[in-house]
Every structure is written in C-alpha cells, then in structure tokens.
Visitor: 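Structure provided below as structure tokens; questions to follow.
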Amino acid sequence: SGKRRPAYEDMLAAVDRGEIDVILAYSADRVYRRIKDLERLVDKLGKVGVVTITFGDVDLSTADGRMNARILGSVSQRESEKTGERISRAYADRAKRGGYPGGTRRFGYTKDGRELVEDEAEVLRRAYRHIADGKSLRSLVLALRDEGVVGTKGAAFTATQLREGLLRPMNAGHTVHQGRILHG
C-alpha cells in the first residue's frame with residue numbers, strides 16, 4: 001500500500017547497526033511485496049541473507065540471489081495488484097447493484113446497510129428537521145450530547161461527524177462509488 005511499516009523500518013535500522021545478519025521469514029513476500037521495497041533491501045543488505053521457510057535462502061550478496069529475489073518480488077507485487085483489482089471490481093459491482101459499500105456501520109442503519117436502526121433513524125430525522133428549521137449544527141451536537149446520543153463507535157458526535165452523517169447520500173437511498181453518487 002505504500003504505508004510506512006514501523007517494524008520494517010526498525011529491522012532495516014538494526015541491519016545498519018550490524019545487529020542483524022540474516023532475516024528469517026515465512027515467505028519472501030512477508031518481507032517485501034513491492035520491487036521498490038526489495039531494492040531497498042538489496043541496497044542495505046547486500047551482505048545479509050534472507051531465509052524463508054517456504055522458498056529457501058535468498059542470498060542478496062550474489063547476482064543469482066538478487067535475481068531470484070526480484071523474480072519473487074515481481075510475483076508478489078503481481079499478486080497484490082491482482083487482489084486489488086478483484087476487490088475494486090467487487091466494490092464497483094456492489095455499488096452498481098446499490099449494495100452497501102462496507103466499512104464501519106453507518107449511524108441509522110444495520111451493519112449490512114439494508115435495514116434501519118429505528119431509534120438512530122429517528123435521531124437523523126430530528127437532526128434534519130433541526131437544520132431545516134434554521135438551527136445550528138453546533139446546537140444540534142450539544143443537544144445530542146445532552147441526550148447521551150453516541151455514534152456507532154460509542155463516542156459523542158462532533159460537528160464534523162454529524163455534518164458528514166447528514167450529508168451521506170445513503171440517507172437519500174443512493175450509493176457512492178469512487179466519489180461518484182449512483183442514484184437509485
């Protein structure tokens with residue numbers, strides 16, 4: 001995903017300090033999944049070996065070892081990309097059919113997004129009326145806090161969260177895919 005991996009960075013720093021002379025992993029793709037990550041390893045660990053349980057030694061100190069590691073990295077990167085494509089297609093298909101996009105349960109709806117949670121739906125109805133009557137979002141947040149109304153994660157609403165919840169296309173019977181509202 002390109003996200004920072006703190007434990008991975010700690011491992012590379014330990015290699016720099018000379019504390020590690022071999023990396024043991026279940027498989028190579030548990031150490032690197034992108035060619036970019038592998039090249040960092042090759043640069044840093046040319047003299048350090050990677051031992052995997054499912055493939056065997058990947059000796060980054062030899063040309064053949066680096067070639068094998070790059071081949072494994074390409075295969076791993078392809079698998080990650082294919083998984084991403086499958087997930088994207090599934091989300092697109094679900095959105096086209098008007099299905100729930102998944103993720104955290106939306107306030108006012110059951111986990112699958114198909115049914116209303118009536119007491120929460122009533123809070124949303126009251127909130128829409130409050131705003132339609134010209135009252136402020138801040139006063140609405142304070143009123144909900146006074147009533148002990150909390151979101152799906154158990155915390156009191158902030159003005160930003162409440163605003164986002166009220167503007168959610170799902171509340172009008174629509175779904176969103178890649179930032180585009182699909183009506184109906």
Side-chain angles (χ1 to χ4, degrees), residues 1-12 25-40 73-184:
S1 69
K3 291 181 183 172
R4 188 173 183 285
R5 298 166 59 195
Y8 181 79
E9 298 299 329
D10 291 346
M11 178 186 71
L12 293 181
Y26 178 75
S27 68
D29 67 2
R30 302 313 303 157
V31 181
Y32 57 88
R33 290 190 180 161
R34 300 177 312 154
I35 298 299
K36 182 178 172 180
D37 292 334
L38 171 62
E39 292 306 329
R40 282 184 67 204
S74 292
V75 171
S76 294
Q77 186 166 325
R78 178 202 176 266
E79 285 303 313
S80 288
E81 290 171 359
K82 291 297 281 183
T83 298
E85 289 171 0
R86 277 194 304 275
I87 290 170
S88 292
R89 279 194 311 271
Y91 278 125
D93 183 55
R94 188 179 318 138
K96 285 177 187 169
R97 290 183 285 116
Y100 184 66
T104 303
R105 182 177 76 80
R106 307 302 196 267
F107 187 83
Y109 296 89
T110 57
K111 177 70 175 153
D112 65 3
R114 295 187 181 278
E115 305 285 329
L116 292 178
V117 174
E118 193 51 48
D119 59 330
E120 293 178 0
E122 183 54 35
V123 168
L124 289 174
R125 290 182 197 105
R126 285 183 20 235
Y128 284 120
R129 283 191 296 272
H130 183 94
I131 298 300
D133 288 343
K135 297 175 185 168
S136 74
L137 191 60
R138 186 177 182 328
S139 67
L140 178 58
V141 167
L142 294 174
L144 293 177
R145 284 187 184 172
D146 288 346
E147 295 172 24
V149 176
V150 295
T152 58
K153 293 183 178 180
F157 284 102
T158 65
T160 301
Q161 291 167 332
L162 189 56
R163 180 182 185 281
E164 288 172 358
L166 292 173
L167 292 175
R168 187 173 294 124
M170 181 178 183
N171 295 348
H174 306 302
T175 190
V176 176
H177 179 64
Q178 294 182 334
R180 205 174 96 236
I181 296 175
L182 305 178
H183 300 281

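Start at 1 with the first residue, then count along the sequence.
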Visitor: Rounded to the nearest 0.5 Å, what's the gap from OH on Tyr109 to OG1 on Thr152? Could you check?
Guide: 13.0 Å
Visitor: How close do Leu144 and Arg126 get, counting heavy atoms only, and between which atoms?
Guide: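 Closest approach of Leu144 to Arg126, heavy atoms only: CD2-NH2, 4.2 Å.
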Visitor: Only counting residues at least two apart or in another chain, list the ones meeting salt bridge (Lys or Arg N to Asp or Glu O under 4.0 Å) with Lys153.
Guide: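 So Lys153 forms no salt bridge (Lys or Arg N to Asp or Glu O under 4.0 Å) with any residue.
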Visitor: If you count heavy atoms of other groups shown closer than 6.0 angstrom to CD of Glu9, is the number above 12?
Guide: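 Count over threshold, so yes.
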Visitor: Got a second to check how far Glu81's CD is from Arg86's CZ, nearest 0.5 Å?
Guide: 12.0 Å
Visitor: Quick one: pull up CG in Leu137 and CD1 in Ile131 and give me the separation to the nearest 0.5 Å.
Guide: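 Going from the CG atom of Leu137 to the CD1 atom of Ile131 covers 5.0 Å.
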Visitor: Can a side-chain donor-acceptor contact be found between Thr160 and Arg163 if the only test is distance below 3.5 angstrom?
Guide: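 Arg163 vs Thr160: no donor-acceptor pair found between side chains.
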Visitor: Between CG of Asn171 and CZ of Arg106, what distance do you get to the nearest 0.5 Å?
Guide: 10.0 Å
Visitor: State whether Lys82 and Glu79 are salt-bridged, where the test is any N-O pair (Lys NZ or Arg NE/NH1/NH2 against Asp/Glu carboxylate O) under 4.0 Å.
Guide: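 Looking at Lys82 and Glu79, the cut-off is not met.
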Visitor: Any carboxylate oxygen within less than 4.0 angstrom of a Lys/Arg side-chain nitrogen, looking at Glu118 and Arg125?
Guide: yes
Visitor: Return the CG to CD distance between Leu166 and Gln161, rounded to the nearest 0.5 Å.
Guide: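 Reported to 0.5 Å precision, the distance equals 11.5 Å.
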Visitor: Provide the closest heavy-atom pair for Gly108 versus Glu120 in the form atom of the first, atom of the second, distance.
Guide: N-OE1, 2.8 Å
Visitor: Does the side chain of Glu147 reach to within under 4.5 Å of the side chain of Val123, using non-hydrogen atoms?
Guide: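 No, their side chains stay 4.5 Å or more apart.
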Visitor: Inspect the contact between Glu122 and Arg129 and indicate whether a charged nitrogen and a carboxylate oxygen are less than 4.0 angstrom apart.
Guide: yes
Visitor: Testing Leu140, Val141, Leu142 one by one against Arg138 for a side-chain contact (heavy atoms from CB on, under 4.5 Å), which residue passes?
Guide: Leu142
Visitor: Quick one: closest heavy-atom pair of Val149 and Phe157, and the distance?
Guide: CG1-CE1, 3.9 Å
